[in-house]
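Accompanying notes for the structure given below.
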Amino acid sequence: MTLPYIEKQADPDYHLVFLVDEIGQYIGDSQQRMLNLQSVVEDLGTYTHGKAWVIVTSQQAIDQVTDHINGQDFSKIQGRFNTRIAMSSANVDEVINKRLLVKTPESERALMRTYSDDQHAINNLMTFESDITRDHYQSAENFADVYPFVPYQYNLLQDTLTAIRENGSDGKHLANGERSMLAVFQESAQRIENEDVRALVPFSIFFQGLDQFLDHTHMIVIQRAIKNERVNPDGVEHPFAVQVLETLFMVKYVDNFNATLNNVVTLMIDSIDTDRVELEKRVKEALIELTNQNFIEETTKGFEFLTNAEQEISRSISKQDVEPGEVSREIGNYLFGAKKIERKFTYPKLNKQYTFNFNQFVDDQPLGLTNNTLSLKLNTPESNTNRDETELRRIALSPSEPQIIIDMPRRDDYTHNLSQALKIQKFVMDPGAYAKDARSNNIIDVKRAERVSLIEKVHVDLEDALEDADIYVGGELLEAGSKSFEQRLNTAQEHLVDEIYRNLSYITAIKSEKDIVALFNQELIAPDENRQAVEAVMNRIVQDADNGSHSKVAYKSILDRFGVEPYGYRDIDIKWMVAKLFADNRIKVYVNNALINIEDAIKPVELANYFVKKQYVDKMQFVPRVAVSEEKRQALKAVAKDVFNRQSFDDDEDDTLVNNLRQSMIKERDALNEFVRLSTRYPGRNVLENGLQLLNGLISQTDTDQFYDKLFKHQDDFLDWSDDMYNYGLIDFYNNPTQEKIWKDALSKIDIYEKSSSFISGAEVGKIYKQIKDRVDANKADRLNELNSLNEAFNSAYSAEFDKTEADIKANVNIEWQAALNYAKNKDLIGQFETTINQAFEQFIQEAQAARNLDELVVIKSKASVKKDNLQTRIDEEIVEIERKQAALQRAQKQVDKDKTNTDEDQTPTATSITVTPQVPTTKHVSLKNLPVNRSWQVTSAKEVDEQLAQLRKVLIAQLDNVDELKIDL
């Protein structure tokens, strides 16, 4: 039909246009409908040759309408609509002003005069509580243009229409463009057309142009409100409270608008002459009644319209049971947890190095551990004693419970909001309290967000309320207003610390670990530093030791005692005080029951560690120092003088006397240890060991008192030992290298004689040896000059014996030497063995000349004889080897001759002959004097002769092992 119709037209340039309105609502989310539209457009273009056009309108851009279409189909659809015109509602106010609100010149002038007369009153009526600025009248001309509307209504209504369309099922059919705005503005203006020129359109009146588009869930609430006798007691058609409810509905879903009392009042203004105070009163009454009837509820953002589902959930929330104690605990959790009330107090004196922790209570209920001496008690409006000054003063005076009371002001804002937040929390945490459908879940999500908002507001309100809180300490009231809460709390905390820790004033200088090290570095400190505190610690140690029958006082008990009232000292300061007493020699210190001596060679840092490190706290104990008797002191000085030659000391303090003497003893002990490490044959070893036993027994006594006691007991033992050292001549001996050399020389003479005695023929050497031996065995070093003379006499006598024996040995070596040379010469091997023989026996001559003892010398004779035998054996072996080689050569020559003879003969087989190589016997040379048999025989019978011969036979047979022939030199 389309193409024939176009062809019938007279104008050849005729085009037919098809207009389709609200195509967006037709397509919706359907891809198929979009494709149908595409097909229609394509077919029209094809069949009419481009003379049929299609124009569609939508409240959304084409890319938004087609956001569910795949990429390829989307590009085709875009191609069907090459011409796109964007239409915006941004200038809807201009359209409304020009099309609906144009005035006659006379009316325009009258309105401008009205504005000029009441400009400030008009604009003051239109006030909003908001972060967003709402439009006001800008000028008389602007007033005349928009009258009877207010400029803010344009944007707010547009936001309202969008919000209703997005949140109401029927409202989705509500256009959000210019036509909707035009219709609502037109209808609203018509509703007041009979009013005087000072009347204004209230925002509430816009609802009447929207009610036909609202879904049931919203309209049913309005209808129920109209029928409610409390909301509409007079039964009128459109009561004021319902108008307020309708207004709250319109802004319910507008994100940037808070429906506070002030803002709702502004929305209800219907005249330039409105009495805002009176209107606010009416609105407030309406809000209260609507809240009571559960049509609305108050939130942190103002008042909110409730749907039926929301009303049901709101009623369920309001029925949740929240105890007063829960509210007060939440107040305390925030104020203490967020450190709005600081539980840790830094004492302003003593360089702010002292901090005190406070227990935390809320309405007498503890928050967390309560192991501190001082307490902070928060008194909320839920407490029975809140704002009861007389009772709170009395409680703050309690001596058994040092405390500061913070009395919160009575305010409904934070207690009500906190209670509501707790109710919401209980409701949403109960899985059976509400349905699980999508609408309920959305409402619950809103309630969760509302709870968060309520808590945030509660926190702000609590912080404000703190500034108006009263503070009680020591029966006194620190009223709000004069100073900030933090300043007043710090004043109260300092007052309570000074009162409870009254002996804290004894501390005049704070200390650190470095200060403890400095004590043992003997660095100077002010004599009065912490004097009273140090004396208090000393008195406590004395008292505890006396109570325990002079028992040891535990370090931990001192730390514990002075860490609490009335002292409250820091651990490091107490540790410094104890270390100071130790450094001043006023107490003894034990670690694991071992006494620590300040004079020991311990580094200051290591000594300080005993007091500083936690690992020693349970291991350390103290005992007060007791004065030593004069008798014992004199005994110490006598031993020091007579035994250790010490007459002067660093000072006359008991510890100094002991430590100085101990140093002398240690020096003497070290010397004795050196002496004992020398030869055990040195004189006076038993005296040395006795002295070491005495010295070690005292040196190990680290306790000064026990040192005095033991020295006093062993005074005579030390004196006797000292006499022995002198009487035995040991002091001179062990400190005189010359005397030590004489003794060592005497020991060597004894050793030489005992090793060589069997080789000595004369009697003189033995006689001198006995004299030396007797002097050494006497174990004294008192006649060393005589011993030295004996050493020299021994040398002379022994040398004579040595020289005689040396000549005999050399003569014997020469005999063996010549015998070896003669044997080689007789065997015609002198050229091959002469050098070897000469080198061997020249070495024996050199050894004889180098020998120092007879035992070293005599053995050379045997070595020379054995060497001769070995060389003769080697010569015999060489002869055998030569003979073997000659025999081999002869056999080889015979074979060559035989092979040559058979060359010309026929190949007649002949018997094979086997040549047997004769075995050459192996020979070994031995001298009878080198064999392990007795060299001298003494026999008295044939039997004894047989026994000696049997022994010789056995030795000779053993020598035949691995040899064929034995040559014996008798």
Side-chain angles (χ1 to χ4, degrees), residues 631-649 657-658 660-701 707-754 767-795:
E631 184 180 11
K632 292 180 181 179
R633 287 165 57 87
Q634 291 303 319
L636 182 145
K637 291 180 180 180
V639 171
K641 176 183 177 182
D642 297 337
V643 179
F644 300 100
N645 197 28
R646 181 161 198 143
Q647 301 184 48
S648 62
F649 297 87
L657 294 176
V658 168
N660 286 172
L661 180 55
R662 182 183 285 112
Q663 291 171 6
S664 297
M665 287 182 169
I666 291 172
K667 183 177 179 182
E668 185 69 20
R669 180 195 62 186
D670 293 343
L672 291 181
N673 279 326
E674 291 295 325
F675 300 157
V676 169
R677 278 193 286 269
L678 299 175
S679 173
T680 57
R681 301 166 70 187
Y682 275 18
R685 184 174 183 86
N686 59 325
V687 178
L688 299 180
E689 292 176 345
N690 182 40
L692 281 173
Q693 183 178 359
L694 287 171
L695 290 170
N696 287 327
L698 265 179
I699 291 171
S700 63
Q701 287 296 335
F707 188 97
Y708 273 105
D709 292 342
K710 193 162 189 176
L711 180 62
F712 188 73
K713 178 180 179 181
H714 293 283
Q715 179 182 3
D716 291 340
D717 295 334
F718 272 99
L719 294 175
D720 292 342
W721 170 75
S722 179
D723 291 341
D724 289 342
M725 289 290 288
Y726 280 102
N727 295 336
Y728 277 63
L730 300 179
I731 295 176
D732 291 337
F733 174 82
Y734 284 103
N735 290 285
N736 189 327
T738 301
Q739 294 188 14
E740 182 183 356
K741 183 177 180 301
I742 293 171
W743 192 276
K744 289 175 68 175
D745 195 19
L747 293 176
S748 71
K749 304 306 183 238
I750 294 173
D751 293 340
I752 289 172
Y753 181 82
E754 291 176 350
K767 179 180 177 182
I768 298 172
Y769 157 77
K770 186 177 185 307
Q771 291 176 330
I772 293 174
K773 187 76 165 57
D774 291 343
R775 295 292 175 87
V776 169
D777 290 345
N779 198 29
K780 292 185 178 182
D782 54 346
R783 297 167 63 186
L784 291 181
N785 289 334
E786 296 177 9
L787 186 60
N788 189 41
S789 298
L790 290 172
N791 289 341
E792 292 174 356
F794 182 90
N795 287 339

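- Contact annotation: the side chain of R646 never approaches that of L661 to less than 4.5 Å [non-hydrogen atoms, C-beta and beyond].
- No donor-acceptor contact under 3.5 angstrom links the side chains of D724 and N690, judged on distance only.
- By the 4.5 Å heavy-atom criterion applied to side chains, F794 and Q771 are not counted as neighbours.
- Donor-acceptor pairing under 3.5 Å is lacking for the side chains of K780 and N727.
- Across all non-hydrogen atoms, the minimal contact from D642 to S722 is O-OG, 3.7 Å.
- The shortest heavy-atom contact between L790 and I768 is O-CG2, 3.5 Å.
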Compile the donor-acceptor pairs under 3.5 Å between side chains in residues 710-718 and protein atoms, sequence neighbours left out, one pair per line.
{"from": "K710", "atom 1": "NZ", "to": "G697", "atom 2": "O", "distance (Å)": "3.3"}
{"from": "H714", "atom 1": "ND1", "to": "D717", "atom 2": "OD2", "distance (Å)": "2.9"}

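- Here the closest heavy-atom approach between residue R685 and residue L678 is recorded as NH1-O, 4.1 Å.
- Between D774 and K770 the shortest side-chain heavy-atom distance falls below 4.5 Å.
- Y734 and E674 share no side-chain donor-acceptor pair at under 3.5 Å.
- Proximity of W743 to Y682: side-chain heavy atoms (C-beta onward) are separated by under 4.5 Å at one or more points.
- Distance check: I731 CD1 to M725 CE gives 5.0 Å after rounding to the nearest 0.5 Å.
- Electrostatic pairing of K749 and D745 counts as a salt bridge here, judged by a charged N lying under 4.0 Å from a carboxylate O.
- Looking only at side-chain heavy atoms (C-beta outward), Q701 and Y708 stay at 4.5 Å or farther from each other.
- Relative orientation of the Y753 and Y769 rings is parallel, given thresholds of 30° and 60° on the angle between their planes.
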